[in-house]
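Below is one structure, written out as structure tokens; comments come after it.
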Amino acid sequence: MTLLIPATAIPAAAQVATMASPRPADAPLSASGPGYADLADLVLSAPVIADVTIRSTTAIKGAEAVGVAPGHQRFYVEADIGALLRGAGGLPARVGYLFDAATDARGRAPKLRKMRVLIYARRVPNAPDQLQLVAPDAQLPWTPDTEQRSRAIARDALSPDAPPVITGVGNAFYVPGTLPGEGETQIFLTTAKNRPVSLSVLRHPGEERRWAVALSEIVDEAAAPPARDTLLWYRLACALPESLPEHSTASLSPENAQAAREDYQYVIQKLGPCSRTRQVPTASN
């Protein structure tokens with residue numbers, strides 16, 4: 001591989017446009033790796049996840065580097081596969097891909113050769129040894145924790161009872177109880193495959209509200225809120241709007257609509273922020 005790589009040397013499908021990451025000044029990842037939402041974004045977007053050791057890098061300049069975000073340098077990377085965390089059909093022993101590395105204050109790129117990293121990618125059609133990262137910087141330093149969490153997210157996503165992708169909020173209902181301050185709100189969510197998901201909030205006088213999420217038509221009395229940093233928590237916290245849409249309460253009286261909105265805000269508060277620091281991977285970036 002020469003230093004000046006002609007356009008034909010890089011698979012067209014691997015030449016991706018880039019956009020700046022919202023992470024401030026490309027701050028380094030913490031010792032424990034990315035947060036759950038950032039890691040889930042990568043894992044769920046990547047048909048291929050591999051533990052690799054970088055064998056060589058070649059800086060990409062000129063036309064092949066168009067669209068690289070400020071403060072980044074594009075490289076063509078060749079890496080040896082150590083382990084395949086996800087990917088049907090396997091991979092060759094060595095693969096190539098493009099990676100946009102953040103540079104330091106002096107404009108120098110990090111030394112990547114011999115680094116052990118995790119890559120989150122998709123296959124390049126008709127090029128078995130070429131991959132395309134799901135985001136320009138979808139390469140993370142390998143740590144046991146990041147590998148274990150990546151495996152867990154991929155396993156949870158493939159489980160038969162995995163929570164569905166939330167696409168919006170449907171109708172909300174509020175039923176007052178027999179005592180002042182007593183009542184129940186039920187909010188139905190829309191999903192990518194029309195699977196049932198609903199939120200319920202119970203009010204009892206003198207008690208803190210209790211809420212739960214149901215993944216079936218029947219709300220189980222034993223249902224509970226999702227634990228933070230789980231796939232169900234991620235589906236909700238990173239997809240639900242900040243406030244209940246107007247159409248969700250269109251059939252309710254003003255009093256009941258207000259109660260439903262308050263209960264929805266309670267759920268959002270208890271879920272906590274999604275806490276993304278990266279740009280969500282898409283087919284275009």
Side-chain angles (χ1 to χ4, degrees), residues 1-18 21 29 33-34 38-39 41-69 72-103 108-155 157-158 278 281-283 285:
M1 182 71 67
T2 60
L3 290 179
L4 295 177
I5 302 178
T8 55
I10 303 173
Q15 300 178 29
V16 295
T18 66
S21 168
L29 297 170
D38 287 330
L39 190 58
D41 285 341
L42 291 175
V43 171
L44 299 178
S45 301
V48 174
I49 305 172
D51 170 1
V52 306
T53 299
I54 296 176
R55 184 180 182 87
S56 66
T57 63
T58 303
I60 303 296
K61 299 180 181 180
E64 286 75 39
V66 171
V68 175
H72 289 71
Q73 169 68 57
R74 179 167 292 173
F75 290 93
Y76 178 75
V77 177
E78 286 193 328
D80 295 326
I81 301 294
L84 189 60
L85 281 64
R86 181 180 189 182
L91 286 174
R94 185 174 302 163
V95 295
Y97 57 90
L98 297 181
F99 170 63
D100 290 359
T103 56
R108 296 178 300 188
K111 295 182 179 179
L112 300 173
R113 188 170 177 271
K114 296 184 179 181
M115 280 187 61
R116 184 179 179 183
V117 298
L118 292 169
I119 57 174
Y120 303 81
R122 60 179 66 91
R123 300 175 190 273
V124 173
N126 303 317
D129 63 342
Q130 297 296 311
L131 298 174
Q132 179 188 27
L133 299 185
V134 297
D137 58 348
Q139 170 184 289
L140 300 178
W142 179 91
T143 68
D145 176 70
T146 303
E147 176 178 333
Q148 185 277 329
R149 292 192 296 140
S150 295
R151 288 182 182 275
I153 293 170
R155 181 178 63 249
L158 295 175
R278 301 170 52 91
T282 66
N285 66 17

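Position 1 is the first residue of the sequence; numbering continues from there.
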Report the residue from Val43, Ile119, Ile49 that forms a side-chain contact (heavy atoms from CB on, under 4.5 Å) with Leu85. Ile49
Using side-chain heavy atoms (C-beta onward) and a distance below 4.5 Å, is Arg278 in contact with Asp137? yes
My understanding is that only residues two or more places apart in sequence, or in another chain, count here; which of them pass side chain to side chain contact (heavy atoms under 4.5 Å, CB included) with Arg123? Val48, Leu91, Leu131
Ser150 vs Arg86 side-chain heavy atoms within contact, under 4.5 Å: no
Exercise: identify the closest heavy-atom pair between Tyr97 and Gln130: N-OE1, 4.3 Å
Between the side chain of Gln73 and the main-chain N/O of Ile60, is any donor-acceptor distance below 3.5 Å? yes
Side chain to side chain donor-acceptor pair (under 3.5 Å) against Arg116, all qualifying residues, sequence neighbours excluded: Asp51
Just wondering, do Leu112 and Phe99 contact through their side chains at under 4.5 Å, heavy atoms? yes
Where Leu84 and Gly87 come nearest, the two heavy atoms and their spacing: CD2-O, 3.3 Å
For Arg94, which residues count as a salt bridge (Lys or Arg N to Asp or Glu O under 4.0 Å) partner, sequence neighbours excluded? Asp80
Flag side-chain contact, heavy atom, 4.5 Å: Tyr76 against Glu64: no
Taking all heavy atoms of Pro281 and all of Val134, pick out the closest pair and write down the distance. CB-O, 3.4 Å
